[in-house]
Amino acid sequence: MAHNAMPLSMAKVGEEVKVIEVRGGQRLRRRLIELGFTPGTRVRILQDHGGPLLLAIGNSRLAMGRGMAHKILVTTETPVIQGSAHG
Amino acid sequence: MAERTLRVALAGNPNAGKSTIFNVLTGSHQHVGNWPGKTVEKKEGFFEYRGLRVEMVDLPGTYSLSAYSPEEQIAQEYITEEHPDVVVNVIDASNFERNLYLTTQLLEIGVPLILVLNVWDVAQQLGYKIDVEKLSQLLGVPVLTAIASKGVGIAELKEALYRAAEHREEIRPREGLVKYEHALERAVRQLTEAIEQLPDLEGYRPRWLAVKLLEGDKHAERVISAHPQGAEVLALREKLKARLKHTYDDEIDIAFADGRYAFVRGLSRHVLTMPHRPPTTLSDRIDRIVTNRVLGIPLFLFLMYIVFNLVQTVSAPFMDWIDELFSGPITAWTLAALSAGHAPAWLVSLIADGIIAGVGSILVFVPGLMVMFFALAFLEDSGYLARAAFLMDKAMSFLGLNGRAFIPMILGFGCNVPAVYATRTIENRAARILTGILIPFMSCSARLPVYVVFGLALFGAHAGIVIWSLYLIGIVIASIAGWVLSHLVFTEVQKSVFVLELPHYRMPTLMTLWLHTWEHTSEFIRKAGTVILGISLLLWMLLNLPWGVKNPQQSYFGKVSSAIAPIYKPAGFGTWQAAGALVSGFVAKEVVISTMAQVYLSEPTSTAQAPAQLHPLEDLKQIVVNFGKATIDAAKAFLNVLTPGVNLFPKHGAEVSETGLSRTLSRAFTPLSAFAFLVYVLLYTPCVATVAAQAQEYGWRWALFSIALSLTTAWIAATGVYQIGLLLGFH
């Protein structure tokens, strides 16, 4: 599983990823969990302007600062073949 | 009529449609205030149904109940301490799982509960199938569906509340509905048993207290430690926590949060089926354009342009109407009445030049503010403003702030006062204060009349570009100040995190828009209005004392102003008149103009004597006719704005009879000194109402800091403009 884990901030626009783990301070983690970022939840990246990300989680749309997105560890839905030219 | 009362609290996530339900139910029977000791808005209202009086409190929108934010704290304390008869939990059905997290906490508290699955139409469009009956069965509470924005489901809710008044106990969720994983559950049970031994728990559920104590909740700790036998329970809590630490490390509260989500997921497995791939909604399609990397920001700037254009063009006819009403008929009638009653000269002057002029100068701003508040309410309620925050986050990060700070900043262009209150939505305290201090650099609508009068008097055809440059200077100065302050004073803002929910787009109802508009406008009239009136009276006194002064320069006001004037010599406007106008402009920036009118045209106002004859009926007819004309003009202007090719600064206000003043101004100022003066007016001290708002939100220390910062900045900028201008050969 962990072989294709990456921070949410590195996922590409249009990609759907699965939350593995939320890192960071207790308060931040709790806030993210309350917003639905529990392990196994699917998240889609709608926009990325280099600043904040626009995410779809469940049926809600969230704007999230990059710093926060760095703290969320995700995996791509379909396993990426190692070594393939990607991104 | 009503014999019985039912006390109801509305709880739910932000954007779940709580306020819409509240508004539809209570209509005009509502009251907006603050929660005691907090700066969070408290909305109360009532309605009557079949002889039952239902009193409602709209709790702050929260994602959960804990003691982390003031909003959550208020909601939790209200439900557990004020013991409402019923809590109505409004749920965004199209966002079922996330919304149910809060529901689990309400179930744990054990308050009689009714669930309303709102936004039902969107959930249907998304292909969600929710088994309402089963959900109601599993939770043991009534579950209703609603589309509040269309009034659907409201009658059923009223009926459910009516039934709840009779059978309150039947809709109280049973204890222990939400269970946790093994280790947690064991600790919860053990602690619950200990708490059950305590006599007289004032309605708190032992299990809820146990969970909250293990989570480290301050509120539950307070309840238990206030209890005479509470010490034993707290000791047991420590023991249990130490044991749980082996499994969960320092993350016991996160384990509880996970447990609640597990409960929610289990629940939705039973009652919710949704398509594997959710269909693309209209909202998403709009977002593809609105939040587009290339189109997003130009589109946003265009919308802002429309808003400010609307504010000016639509409100201008009404502003002129109010202005004419006060300086014309109202003054004339009052003077006639006074002279008929042989009132002494000082009283006539006080009423005509002090009170009527003062009230008029407040009300003349009401149309502009209403249009502004209406437009912003539309942008906010439709869901657009949250997108704007997303788009502007990167630009705001330069100031050390995030996208959330952007909304209050934009509001600042309308009026700084509501803008300061709007900073409440910023979670990080340092970021909140910094935003509140930068807001006064956003040129509010009260400053515009000053620019317009000066612009027309001294810059003629270039007035538009002069005014535009002032707005720009405000933004540039705010950026510099923000950068410096976030690096020197508010270093914690760098750490603040940004996460903001973007609600689905929806068409706001006229009723909601009107309620918002009226709420903010009346707040302005009450808060700012009373201050402005008070200061205009003070100003009248200072201008007329010692009683009988002929030349305003000899009045107390003139003397104070003359003493200050030299400070402004390097900036090019070191006259006592300019200084005096600035002093009174502290009340409200637009007062600068009325003061100048008073001091330059030394005959205070044209109202000293009563007209020979009165024609009340004629006047009344004229007032109504003029109002009609103003409405038609406003409607024309409105259509004009919505069609492209409009000019940004129409010459409204130009017709106002200030030709005398503008002639005097063009003699008293040079274009350069006038520009320096305008820069000063733009930047110097927030008005009294804004300072009061800052003090209320951040404490007096920061309000005074804001005054000091803006006074220094303004002086430096105005002097810089003047001196550099001189060097470059302008005059």
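Within every chain, numbering begins at 1; the chains are lettered A, B, ... in the order of the sequence lines, protein sequences first and strands thereafter. What you see is a predicted model, and the numbers here were worked out from it, not measured in a lab.
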Asker: For each of A/Ala56, A/Ala69, A/Pro52, A/Gly67, tally heavy-atom pairs with chain B at distances under 4.5 Å, and name the one with the top tally.
Answerer: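 Ranked by heavy-atom pairs under 4.5 Å with chain B, first place is A/Pro52.
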Asker: Side chain, backbone, both or neither: which part of B/Glu251 has a heavy atom under 4.5 Å from chain A?
Answerer: both
Asker: Can you tell me how the ring of B/Phe256 sits relative to the ring of B/Tyr180, calling it parallel under 30°, perpendicular over 60° and tilted otherwise?
Answerer: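 If you compare the ring of B/Phe256 with that of B/Tyr180, the planes turn out perpendicular.
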Asker: Of the non-hydrogen atoms in B/Ile130 and B/Ala93, which two are nearest, and what is the gap between them?
Answerer: CD1-O, 4.0 Å
Asker: Measure distances from B/Phe96 to the heavy atoms of chain A and classify the residue's part below 4.5 Å as side chain, backbone, both or neither.
Answerer: neither
Asker: Sub-3.5 Å donor-acceptor pair from the side chain of A/Glu34 to the main-chain atoms of A/Arg31, do we have one?
Answerer: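 No; zero donor-acceptor contacts below 3.5 Å.
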Asker: State whether the side chain of B/Thr62 and the backbone N or O of B/Glu71 hold a donor-acceptor pair below 3.5 Å, judged by distance alone.
Answerer: no
Asker: With chain A as the partner, which of B/Ser64, B/Ala123, B/Pro503 has the greatest number of non-hydrogen pairs under 4.5 Å?
Answerer: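 Among the listed options, the one with the most contacts to chain A is B/Ser64.
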Asker: Under 6.0 Å from the six-membered ring centre of B/Tyr505 and within 45° of its axis: does the NZ or CZ of B/Arg387 meet both?
Answerer: yes
Asker: Working note: B/Asp287 + A/Arg61, criterion salt bridge (Lys or Arg N to Asp or Glu O under 4.0 Å); need CA distance, chi angles, decisive distance, verdict.
Answerer: CA-CA 10 Å; B/Asp287 264 341; A/Arg61 304 287 175 265; 5.5 Å; no
Asker: Tell me, side chain or backbone of A/Leu32 under 4.5 Å from chain B's heavy atoms, or both, or neither?
Answerer: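 Neither part.
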Asker: Can a side-chain donor-acceptor contact be found between B/Gln73 and B/His219 if the only test is distance below 3.5 angstrom?
Answerer: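 B/Gln73 and B/His219 do not have a side-chain donor-acceptor pair below 3.5 Å.
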Asker: So which of B/Ala257, B/Gly296, B/Ser283, B/Ser94 has the largest heavy-atom pair count under 4.5 angstrom toward chain A?
Answerer: B/Ser94
Asker: If we define contacts as heavy-atom pairs under 4.5 Å, which of B/Met274, B/Arg260, B/Arg265 has the most with chain A?
Answerer: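 Ranked by contacts with chain A, first place is B/Arg265.
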Asker: Heavy-atom distances under 4.5 Å only: say whether B/Asp284 touches chain A with side chain, backbone, both or neither.
Answerer: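 B/Asp284 touches chain A through side-chain heavy atoms alone.
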Asker: What part of B/Leu391 gets closer than 4.5 Å to chain A, counting heavy atoms only: side chain, backbone, both or neither?
Answerer: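 Looking at B/Leu391, just its side chain touches chain A.
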Asker: Answer yes or no: does atom CZ of B/Arg285 have more than 12 heavy-atom neighbours from other residues, nucleotides or ligands under 6.0 Å?
Answerer: yes
Asker: Does any heavy atom of chain A fall under 4.5 Å from the side chain of B/Tyr261, the backbone, both, or neither of them?
Answerer: side chain
Asker: Less than 4.5 Å to any heavy atom of chain B: does that hold for the side chain of A/Arg66, its backbone, both, or neither?
Answerer: neither
